[in-house]
Amino acid sequence: MNNLKLNRKKFLKTTTLAGLGVFALGIEAKNASNTSIYKNDLMPVNGKFELIPLSYSYSALEPFIDAQTMEIHHGKHHQAYVNKLNEALILMPSLQNKSLEDLLLNVSSLPENIRSTVKNHGGGHWNHSFFWKSLKIGTKMGDKFSNLAAKSFGSIEQFKANFEKASMGIFGSGWAWIVEQDGQLKIFTSANQDNPIMDAGKDPNRIPKVLLGIDVWEHAYYLKHKNKRADYVSNFWNVVNWDEIEILLK
Ligand SMILES: [Fe+2]
């Protein structure tokens, strides 16, 4: 078994235990850029990215996110992003050993014939891989995050209100994000499958640390909430994995 497979096995095992915590060791130490701050960086296996199994069941987020939505979202939508990303990278073998983070940090520098596909489908793979690990019922906001939120927004309530407003303000499909940058929490929104790390490699000292993202594509909520995005957004606080955010803030 080669190193890629060994490290992937390690990743799959450890994600169930510590979420974003362990994959920092191994291959990406050789391959990822020096700007890497993401411990959940995604590496291809034998030149291909793979859909990572969830560390919980599709029904684990009921009643806030229903099992059917999770099954389709992970098994169909996310899988499609992975497939399309791999199809694009076949055209560019020299990129097939790079981490997804490396590709996205400098996405505008990629060859034009694959740039938009990597942006859309590579972004989709990164965003959803991050999203799944951000979800869990029953955790509580930790001290590090709550202190930062109070410092950055005035209060926890104001932070939540601002995040919900940003999520509701996205026209069409996209994401709202909470990132840490320069010692502050900031709210980002992005269209389609864009995210805060895209092209952030241009300024390695100011790469935002993504802490949380909410997928506001209709596929994330339509089966349960129909057109009522506000219901999905307000319910989202029940499934945020605050423990993971504290790990990211270490
Ligand atoms: Fe999605």
Side-chain angles (χ1 to χ4, degrees), residues 15 19-20 38 40-42 48-88 100-101 103-104 107 116-137 163-179 187-198 208 210-241 244-245 248:
T15 47
L20 311 179
Y38 291 94
N40 66 327
D41 198 6
L42 297 165
K48 290 192 171 184
F49 289 98
E50 295 188 353
L51 181 68
I52 299 167
L54 297 182
S55 61
Y56 45 82
S57 70
Y58 287 133
S59 61
L61 305 173
E62 294 266 15
F64 307 108
I65 301 179
D66 60 288
Q68 188 181 16
T69 293
M70 287 298 294
E71 184 172 4
I72 296 170
H73 199 173
H74 177 261
K76 303 296 183 186
H77 291 283
H78 189 172
Q79 182 70 66
Y81 294 123
V82 174
N83 294 348
K84 295 270 176 57
L85 174 63
N86 287 331
E87 287 170 19
L100 185 54
E101 179 188 326
L103 295 175
L104 297 180
V107 70
S116 64
T117 306
V118 171
K119 192 174 184 186
N120 291 332
H121 299 288
H125 183 31
W126 196 95
N127 294 350
H128 287 85
S129 299
F130 186 89
F131 185 59
W132 307 132
K133 287 188 284 188
S134 302
L135 305 178
K136 187 176 183 180
I137 288 178
F163 185 73
E164 291 188 22
K165 186 177 179 184
S167 303
M168 292 303 299
I170 296 166
F171 180 75
S173 300
W175 294 72
W177 307 91
I178 304 161
V179 307
I187 295 172
F188 264 76
T189 60
S190 60
N192 303 316
Q193 296 297 350
D194 290 2
N195 67 38
I197 72 167
M198 286 185 179
V210 181
L211 300 175
L212 183 67
I214 180 171
D215 184 347
V216 296
W217 284 58
E218 284 189 343
H219 67 223
Y221 61 85
Y222 202 87
L223 289 179
K224 183 176 179 67
H225 297 292
K226 302 297 185 285
N227 60 326
K228 296 175 183 169
R229 183 189 290 181
D231 290 352
Y232 164 69
V233 170
S234 61
N235 269 288
F236 185 66
W237 301 115
N238 294 301
V239 296
V240 172
N241 188 343
E244 286 295 346
I245 293 175
L248 287 168

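In each ligand, atom 1 is the first atom listed, and ligand 1 is the first ligand listed. Every value quoted in this text rests on a predicted model; they were computed, and no experiment measured them.
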Determine whether the side chains of Asn83 and Gln79 contain a donor N or O and an acceptor N or O closer than 3.5 Å.
-> yes
So among Tyr81, Tyr58, Trp132, which one has a ring pair (Phe, Tyr, Trp, His ring centres under 6.0 Å) with His73?
-> Trp132
Assess the pair His77 and His128: is the distance between their ring centroids shorter than 6.0 Å?
-> no
Output yes if His77 passes the N/O/S-under-2.8 Å test against the Fe ion (ligand 1); output no otherwise.
-> no
Taking just the N, O or S atoms of Asp215, which one is nearest to the Fe ion (ligand 1)?
-> OD2
Any side-chain heavy atom of Glu71 sitting closer than 4.5 Å to one from Lys76?
-> no
Residue His128 atom name (nearest to the Fe ion (ligand 1); N/O/S) | NE2
Heteroatom test (N, O or S) for His73 near the Fe ion (ligand 1), limit 2.8 Å = yes
